[in-house]
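Since the structure comes first, as C-alpha cells, the remarks are kept for the end.
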Amino acid sequence: MKRLIINQCIKYRAAIINKWGREIYIVKEIKKYICNLNRMFRCLFNMVPRLFILAVAIAVFEAVLPYVNVIAVQLIIDGLMEQRTAATIVNIIIITIAVHVLFRMILGEFRKKREISEMELGLKFQKYLSTHEMRLSFADIESTRVQELKRNIEQARMRNGGVEKVVYDFEIAVKNIASLLTAGIVFARIFVGQHRENKMSFWTSLFPIVILIMVVIVCTVITLNLQSKQNILIAELNDKANQANGSAFSYMQFISNYHFGKEIRIFDLGDYLCDFFDKLWTSSTGYTIIQKLGREKAKIPCITVLCNEILNIFIYILAIGKAYAKEITVGNVVVYISSIQAFLQSVVLLIGASGEIIGTGIFLQPFLDLIDIEEEILVSDTREKMPSGFHELSFEHVCFKYPGQEYWVLEDVNFTLKVNQKMALVGENGAGKSTLIKLICRFYEPNQGCIKINGVDVRRYDKKQYWDMISAVFQDFSLPALTLGNIISGKDDFDKEKEMDIFRKVGMEKWMEKLNISFDQYLYNDFSDSGVEISGGESQKLAIARAVYKEAPFIILDEPTSALDPISEAAVFDDFHQICKEKTCIFISHRLYSCKLCDFILVLHKGKVVQQGTHEELLSYAGEYKELWNSQAGLYREGNMLHRWMF
C-alpha cells in the first residue's frame, strides 16, 4: 500500500512538472509568435504605410457607423415620449440619413484606395521575398532547408492567405477596439448616470461596474488562455502537416505546370494523375493530421461561448435593474440594449481576433525563417582586387562534398589551365564534372585545398568581380520569358548589330529570318500571347549566344549542345572555337569528338582525376578516355556523316 501511494505521488509530481513545462512552453511560443507578428508588421508598414492608415480609418468608421442608428432611435423615442414636434423628429431622421450617406461615401472611397494599396503591398512583398532569395548563396538555394521553407510558405498562403492577413487582422483588431470604446461611451450612463431619486441602492452604486469589470477580465483571461493553448496545438499540427504533405504538394505543382500539358493530353493522363494525387494525399500522414487540425479549429468558437453568455446575462440584468430603479429613460433602454449587444460582440470578436493574431504569427514563421537567412556578400572593400588580366586557373588538392553528405564528390583534384587554353572535362555521369564547374564558378567553396587565379586563392576576391570574368552555358540553363534582345544582353539597352553578328556565328540568323522575328520578339507565352516556343537545340544556341555576348575572358560550356544533332553540334563547336580563339574555355561534352579541338583533356572518374593530356596522348595508351572514345567511335563508323571529320 505504501509503495502504491509513493508511485501515485511520483506520477502526480511528474504530471505537475509536465503541466508547468507545457505552460512555460506555451508562454514562450506565444511570445515568439507575437514577435513574428511585430517584425512582419514593421516590415509591411515600411513598404506601404498608407495601407495601415486606411485600415485604421475604415475600421473606425465601420465601428462608429452602427451607433448612428442607435443614437437616432434613442432621440426619436425620447422625442415621442416628450411629445416634441414632428419637425424635430423629421430633422433627426434627415440628419441620420445624411450622416449615413456621408459615412458610406467616405468608406467607399477609403476601400477603393485600400484595394490598390493592398495590391501594391502584395507585389512589393513578393518582390522583396524573391529578391532576397535571389541574393542567397547558391548552396542555400539548393539546400533542403530553403526548399522546405518555400514549400511551407506556399502551403501557408493556400491555407491562411498571404502576408496581407497581417493587415486584415490589424484592421479587425482596430475595428473591435473602436467598437468597444464607442459602445462603452454610449452606455456609460448606465454605470455613472445620475439617478432621478435621491435614495441610494445597489443599482446606483459602483458595485455593478466593479462586478462587470471583474467578470470581463476573468472571462477574457480564461478565454485568451484557452485559445492560446488551442492555437499552439494548431501550430504544431500545421507544422507536421506541412512536412508530411510535401510530396503531395510537389505533385500538385507538377500536374498544374503547363510544360507538361502536352504529355497530359496526348497520353490522356488527366484522370490518372488526379486519382494518383487523391491516393497520395489520403494515404499521407498529413491527411490524418489535417482531419485532427479541423477538429481542433472547430473547438475555438466553443471556447468563447461561456464568456459571451456570462457577459450577456449579467449586462442584461444590469440594464433591467437600472430601468427598474428608474435610472434610465425608455429611449435609453433601447440604446443600452443595442449598445450592450454591440459591446458583447466586440468583446467576443476582440478575443477571437487575439487568437487569430496569434495564429497569424504562427503561419508567418516560414516567411521570417527565409528572410532571416543571410544574403551572400558579393562585394567587400577588404578583399583583394581582381587582376586586370587572366593568366591561369589552378586546382591544388581540391576536395569537396555537398553539405549534409558524407562521401566526397571530388577528391584531390589537381590541374592547371593557362590563358587562352581550351580544356575538355570528360567522364561518365556522376564523375563530378558539373560539381567541378560549380567550384570554378564559386557557387560552392572547396572543403579542402584551394582554387587559384594567377596564383591567388579565389576566396580572396569579391564574387561580383570574379563573376564578371566568367561566362557560362550550364547543363540545366534557363532562358527567361523576355525579348530576344533582353535575353542575350541582360539589359534594356543593347547592341543589336553585335547580337546579330553573334546570331550568325551560332546559326540562329536563318531561324530569325524564317519566323520573321526581331530582337523585340518575346520567347514563350508567360508574358505575351505572341511569344515564340523554341526547340531544345534552338534554346541551347541562344544560351551560347548569351555567353558569347558577355565578352568574358573565361567561358564554361557544360554540355551546351546535348539537344543538337551531331552535324549541328560539330558546326557549333567549330564556330565556337573560332569565336573564342583568344579566350580561356572549359568544355563538357559526352560526344568526345569535340575534345579533339582542345589543348588538353581532364578525365574524371568517381570524383578523381585519372588522366589528363591531349587527345593524341590519351589515345596512345589504355585508359578511361580510350575506352570512352572507342565506345563512341563504333557508333559513328556505322554510316555517320561525321565519320570522316572525326577519323
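Here the side chains of Val532 and Tyr522 are not in contact, with every heavy-atom distance at 4.5 Å or above. Contact annotation: the side chain of Asp599 never approaches that of Thr614 to less than 4.5 Å [non-hydrogen atoms, C-beta and beyond]. No side-chain heavy atom of Phe395 sits under 4.5 Å from any side-chain heavy atom of Cys450. Ile534 places a side-chain heavy atom less than 4.5 Å from the side chain of Leu479. Counting heavy atoms from C-beta outward, Arg459 and Pro446 have side chains that approach closer than 4.5 Å. Residues Leu542 and Val506 form no side-chain contact, since every pair of their non-hydrogen atoms from C-beta on lies 4.5 Å or further apart. The side-chain heavy atoms of Val609 and Asn414, taken from C-beta on, include no pair separated by under 4.5 Å. With a 4.5 Å cut-off on side-chain heavy atoms, Tyr625 and Val610 do not count as touching.
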Q: Give the C-alpha distance, both sets of side-chain angles, the deciding distance and a yes or no for salt bridge (charged side-chain N to carboxylate O under 4.0 Å, His left out) between Glu411 and Lys606.
A: CA-CA 9 Å; Glu411 191 171 357; Lys606 294 183 179 180; over 6 Å; no

Q) When you look at Lys438 and Glu142, which way does the salt bridge (charged side-chain N to carboxylate O under 4.0 Å, His left out) test go after all the steps? A) CA-CA 12 Å; Lys438 290 179 182 178; Glu142 281 197 330; 3.3 Å; yes

Q: Report the C-alpha separation of Arg151 and Glu148 in whole Å, then their side-chain angles, then the decisive distance to 0.1 Å, and conclude whether the side-chain contact (heavy atoms from CB on, under 4.5 Å) test is met.
A: CA-CA 5 Å; Arg151 185 170 64 245; Glu148 183 179 349; 3.6 Å; yes

Q) Given Asn486 and Thr483, is the side-chain hydrogen bond (donor to acceptor under 3.5 Å, both in side chains) satisfied, shown in steps? A) CA-CA 5 Å; Asn486 297 141; Thr483 65; 2.6 Å; yes

Q) Should Glu376 and Arg135 be marked as a salt bridge (charged side-chain N to carboxylate O under 4.0 Å, His left out) after you check the CA-CA gap, both sets of side-chain angles, and the distance that decides it? A) CA-CA 6 Å; Glu376 188 173 24; Arg135 291 172 178 167; over 6 Å; no

Q: Start with the C-alpha distance between Glu624 and Leu618, add both sets of side-chain angles, then the distance that settles side-chain contact (heavy atoms from CB on, under 4.5 Å), and finish with yes or no.
A: CA-CA 9 Å; Glu624 184 81 11; Leu618 295 179; over 6 Å; no

Q) What's the verdict on side-chain contact (heavy atoms from CB on, under 4.5 Å) for Ile588 and Val426, showing C-alpha distance, side-chain angles and the deciding distance? A) CA-CA 6 Å; Ile588 298 179; Val426 173; over 6 Å; no

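Heavy atoms from other residues, nucleotides or ligands lying under 6.0 Å from NZ of Lys401 number more than 12. Shown here is Gln405, whose CD atom has more than 12 heavy atoms of other residues, nucleotides or ligands within 6.0 Å. Other residues, nucleotides and ligands place no more than 12 heavy atoms under 6.0 Å from the CD atom of Glu374. Environment of OH in Tyr621: crowded, with over 12 heavy atoms of neighbouring residues, nucleotides or ligands closer than 6.0 Å. Few gaps surround NE2 on His132; more than 12 heavy atoms of other groups in view lie less than 6.0 Å from it. A 6.0 Å sphere centred on CE of Met119 holds no more than 12 heavy atoms belonging to other residues, nucleotides or ligands.
Ring-plane geometry between Tyr402 and Tyr444 is classed as perpendicular, the angle between the planes exceeding 60 degrees on a 0 to 90 degree scale with a lower cut at 30.
Residue Ile556 holds its CD1 atom at 9.0 Å from CE of Met423, rounded to the nearest 0.5 Å. Between Cys598 atom SG and Phe587 atom CZ the span is 5.0 Å, to the nearest 0.5 Å. With values rounded to the nearest 0.5 angstrom, Asn447 atom CG is found 9.5 Å from Leu410 atom CG. The CZ atom of Phe443 sits 9.5 Å away from the CD1 atom of Ile141 when rounded to the nearest 0.5 Å. The line from CD1 of Ile487 to CG of Leu523 is 3.5 Å long, rounded to the nearest 0.5 Å. Rounded to the nearest 0.5 Å, atoms CD1 (Ile453) and CD1 (Ile440) are 8.5 Å apart.
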Contacts under 3.5 angstrom, residues 514-521 side chains, donor-acceptor by atom type, not counting sequence neighbours:
residue : atom : partner : partner atom : Å
Ser518  : OG   : Asp520  : N            : 3.2
Gln521  : NE2  : Ser530  : O            : 2.8

Donor-acceptor contacts, no H, no angles, side chain residues 120-128, under 3.5 Å, sequence neighbours left out:
residue : atom : partner : partner atom : Å
Glu120  : OE1  : Arg50   : NH2          : 2.2
Glu120  : OE2  : Lys124  : NZ           : 3.1
Lys124  : NZ   : Met47   : O            : 3.4
Gln126  : OE1  : Arg157  : NH1          : 3.4
Gln126  : OE1  : Arg157  : NH2          : 2.7
Gln126  : NE2  : Ser130  : OG           : 2.9

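Between the side chain of Asp493 and the backbone N or O of Lys491 there is no donor-acceptor pair closer than 3.5 Å. At distances below 3.5 Å, not a single donor-acceptor pair connects side-chain atoms of Asp462 with backbone N or O atoms of Lys464. At least one donor-acceptor pair closer than 3.5 Å links the side chain of Tyr549 to the backbone N or O of Asp495. A distance-only check finds no donor-acceptor pair linking the side chain of Arg442 to the backbone of Tyr466 [under 3.5 Å]. Between the Asn454 side chain and the His391 main chain, a donor and an acceptor come within less than 3.5 Å of each other. In terms of modelled atom types and a separation under 3.5 Å, the side chain of Gln421 and the main chain of Lys418 share a donor-acceptor contact. Counting only distance, with no hydrogens or angles, the side chain of Asn46 and the backbone of Arg42 share a donor-acceptor pair below 3.5 Å. A donor-acceptor pair under 3.5 Å links the side-chain atoms of Lys433 to the main chain of Glu428, judged by distance alone. Side chain of Trp467 to main chain of Cys441: a donor-acceptor pair is present (N/O by atom type, distance under 3.5 Å, no hydrogens or angles). Checking side-chain atoms of Lys550 against main-chain N and O of Ile470 turns up a donor-acceptor pair under 3.5 Å.
Judged purely by distance below 3.5 Å, without hydrogens or angles, the side chains of Asp140 and Ser137 pair a donor atom with an acceptor atom. With hydrogens and angles left out, the side-chain atoms of Gln365 and Asn36 include a donor and acceptor closer than 3.5 Å. A donor atom on one side chain and an acceptor atom on the other are found under 3.5 Å apart for Ser434 and Gln475.
Centroid-to-centroid, the aromatic rings of Phe600 and Phe415 stay 6.0 Å apart or farther.
Ion pairing between a basic and an acidic side chain is recognised when a charged N comes within 4.0 Å of a carboxylate O; Asp468 and Lys463 show no such pairing.
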